Engineer: 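The structure's right below; bear with me while I get my questions together.
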Amino acid sequence: MADSDNKIKIEKIKGFRDHYPEDMEIRHSIFTRITETAEDFGYKRIDFPSLEYLDLYKLKSGSELVNQTFSFVDKGGREVTMIPEATPSTVRLLTARKGMPKPVRWYSFPKVWRYEEPQEGRFREHYQFNADLFGIDSAKVDAEIIGLATSILDSLGLSGIYEININDRYLMEYILKDLNINDINNAFSIIDKYRKISRDSFVEMFRKLDANDENINKIIDFLSEKLDMNSLPKKLKKLLNNYKNIEDRIKRIQETSEYVSYYTQSTINFDFSVVRGLSYYTGIVFEAFDITGKLRAILGGGRYNNLATLLSGEDIPAIGFALGDAVIELLLKRQNLWERNMRKVSYYVCVLNDVNPEYPITIAQKIRKTNKIASLDFTGRKLPAQLKSATDFDYSIIIGNDEIKNNSVTLKNMKTVEQKVLSFDDFIKSL
RNA sequence: GCCGGGGUGGGGUAAUGGACAUCCUUGGGGACUGUGGAUCCCUUGACCCGGGUUCGAUUCCCGGUCCCGGCCCCA
């Protein structure tokens, strides 16, 4: 870029994405399918600011999170952050209206931000779909949320390429305490690393939590394989010193799993290594995984019964999940499903030179009134050039002085190349 | 925050320590008067940024930046 051109070159900010029309067309189609599925379940859409007080996140996650957010002090001296996730905002909206009739079913599809190094399927800004159900704490609603999640994946054509892995924070805590491990948070973060680190370093880290080798081996044994729900009780009886007190909890997990199977054919496992990073989860946690194991979790969520209490003092049971657009895009592209699939019928109106615009505009407006797409070519170019612009459309319409004189429409199917002349009235009827 | 690999017109590419930087596509103009979704001709347009080595750097070296990927972390 020569200086004499007096241009400045602005590059895209690291980790952010541009979306051109050919990309947006597909993206919008996918997003619409996702939100329509939520609507079909009776979930209502909400939205909230992209900027929140940093305190909203300090409440539940500690100060380390600050390093991974886009945070700054605004001109009014407020410590604010680009929202890194939707759940705290969602709960803020819920608790700000006292006495909302329960249950509340809400979804949102905001952009969220995180300050980290971009890599496959991870950007500093991405879209994240969220769905939450407030006011009920039962296996049935746990299953509904998971069922909504699977219905969304299934509706995108991803059936059979993912599985659901379930765990329960309450159960985990019980097990760890039963094995005399009391530093629960640290234990969680070690367990979260189980599939990434060696057995030796796993043992080493647990020893630092004063766990004895016998119990560590029990944990490893329990972590080593995903379980189907039926074998869970047997496994736990062997593992735990005191099984009785946790029996109801196991039953609930089994029920949840059974109910989820009414929504989807997808495999549901119990997986003790599913921990989820957020500290506010209190019960069931779940993730959908690509069965090839190549990608990170496709979506994840869980029950968080005390976040509302933290924010407002009001006790509101809650469960939800989140789904990022980046991983979905990777998956769909891998399955050759990243394509527009809900496109309206489209017309390209070629307007020949010297034609009064009234007639073509009238035709375009008639088309648009029937919920179809009409685009007018006012370039005055030669017909072949206009037809070239029409390539992406289903039909082209040619309007010249002949058509105006005869009150007719020349309609060309751009795929079959078939062409016919209709009267204006017949054309309108054909829409 | 760390590590590796990259960066040539709008998109896709070729070559090069030295002269007009290749080809395709797209854009613009023209040939050809409403169907040639063309063809032909002309044309606009690029070596990521800064510094160093050199007579001379797009090319070699260093730093930055962005892209791709991996780690850390994971919302």
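As the structure is a prediction and not an experimental result, all values here were calculated from the model. Labels below follow one simple rule: chain letters A, B, ... track the order of the sequence lines, proteins then strands, and each chain is numbered from 1.
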Engineer: Under the 6.0 Å and 45° cation-pi test, does A/Arg249 pair with A/Tyr170?
Structural biologist: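 Cation-pi check for A/Arg249 and A/Tyr170: passes.
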Engineer: The side chain of A/Glu117 is closest to which nucleotide in this list: B/rG37, B/rG70, B/rG7?
Structural biologist: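 Of all the options, the side chain of A/Glu117 is nearest to B/rG70.
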Engineer: With a 4.0 Å cutoff (strictly under), does any side-chain N or O of A/Lys196 reach OP1 or OP2 of B/rC73?
Structural biologist: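 For A/Lys196, the contact criterion (side-chain N or O under 4.0 Å from OP1 or OP2 of B/rC73) is not met.
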Engineer: Distance check, C1' atoms only: B/rG17 and B/rU58, in whole angstrom units.
Structural biologist: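 After rounding to an integer number of Å, I get 10 Å for this pair.
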Engineer: Any N or O donor-acceptor pair linking the side chain of A/Arg122 to the base of B/rC73 at under 3.5 Å?
Structural biologist: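 Answer yes: a donor N or O sits under 3.5 Å from an acceptor.
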Engineer: In this structure, how many angstroms lie between the P atom of B/rU26 and the OH atom of A/Tyr20, rounded?
Structural biologist: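 These atoms are roughly 18 Å apart.
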Engineer: Collect all protein-nucleotide pairs involving nucleotides 32-34 of chain B in which both atoms are nitrogen or oxygen and the distance is under 3.5 Å.
Structural biologist:
unit_1 : atom_1 : unit_2   : atom_2 : d
B/rG34 : O6     : A/Asn401 : N      : 2.7
B/rG34 : O6     : A/Asp402 : N      : 2.7
B/rG34 : O6     : A/Glu403 : OE1    : 3.4
B/rG34 : N1     : A/Glu403 : OE1    : 2.7
B/rG34 : N1     : A/Glu403 : OE2    : 3.3
B/rG34 : N2     : A/Glu403 : OE2    : 2.6

Engineer: Picking from B/rC68, B/rG69, B/rU26, which would you name as closest to the side chain of A/Glu120?
Structural biologist: B/rG69
Engineer: Do you see a donor-acceptor pair shorter than 3.5 Å between the side chains of A/Ser266 and A/Tyr162?
Structural biologist: yes
Engineer: Work out how far the C1' atom of B/rA21 is from that of B/rA57, and round it to whole angstrom.
Structural biologist: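 Rounded to whole Å, the distance is 14 Å.
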Engineer: Please determine, for B/rU54, whether a Watson-Crick or G-U wobble partner exists with both distances under 3.5 Å, and give it or none.
Structural biologist: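 Pairing partner: none.
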Engineer: Side chains of residues 400-407 of chain A: which donor-acceptor pairs under 3.5 Å do they make with residues two or more places apart or in other chains?
Structural biologist:
unit_1   : atom_1 : unit_2   : atom_2 : d
A/Glu403 : OE1    : A/Gly400 : N      : 2.9
A/Glu403 : OE2    : A/Thr410 : OG1    : 2.5
A/Asn406 : ND2    : A/Asp402 : O      : 3.1

Engineer: Does A/Arg17 qualify as a cation-pi partner of A/Phe123, given the criterion of NZ or CZ under 6.0 Å from the six-membered ring centre and within 45 degrees of its axis?
Structural biologist: yes
Engineer: Whether A/Lys14 contacts B/rC67 is assessed here as follows: a side-chain N or O lying under 4.0 Å from the phosphate OP1 or OP2. Is that the case?
Structural biologist: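 No, outside the criterion.
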Engineer: Does any donor-acceptor pair link the side chain of A/Arg114 with the base of B/rC73 at a separation under 3.5 Å?
Structural biologist: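 Side chain to base: no pair present.
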Engineer: Of the listed nucleotides (B/rC74, B/rG37, B/rC66), which one gets closest to any side-chain atom of A/Lys388?
Structural biologist: B/rG37
Engineer: B/rC73 P sits how many Å from A/Arg296 CZ, rounded?
Structural biologist: 13 Å
Engineer: Between the side chains of A/Arg381 and A/Ser389, does any donor sit under 3.5 Å from an acceptor?
Structural biologist: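 Present: a donor and an acceptor within the cut-off.
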Engineer: Which base sits across from B/rC40 as a Watson-Crick or G-U pair, both distances under 3.5 Å?
Structural biologist: B/rG30
Engineer: Assign each of A/Lys415 and A/Ile13 to its nearest nucleotide of RNA chain B by heavy atoms, then name whichever residue's nucleotide is nearer the 5' end.
Structural biologist: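 Here A/Lys415 is the residue nearer the 5' end.
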Engineer: Quickly work out the A/Met414 CE to B/rU35 P distance and round it to whole Å.
Structural biologist: 14 Å
Engineer: Which nucleotide in the set B/rC68, B/rG37, B/rG70 lies at the smallest distance from any side-chain heavy atom of A/Phe123?
Structural biologist: B/rC68
Engineer: With respect to the side chain of A/Lys412, which nucleotide from B/rC73, B/rC66, B/rU35 is positioned closest?
Structural biologist: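 Nearest to the side-chain atoms of A/Lys412, counting from C-beta on, is B/rU35.
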Engineer: Using modelled atom types only, decide if a donor and an acceptor are shared between the side chain of A/Ser108 and the backbone of A/Pro110 within a distance under 3.5 Å.
Structural biologist: no
Engineer: Distance under 6.0 Å and angle within 45° of the ring axis: does A/Arg124 meet both against A/Phe70?
Structural biologist: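 No, A/Arg124 and A/Phe70 do not form such a contact.
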Engineer: What integer number of Å spans the P atoms of B/rG12 and B/rC71?
Structural biologist: 27 Å
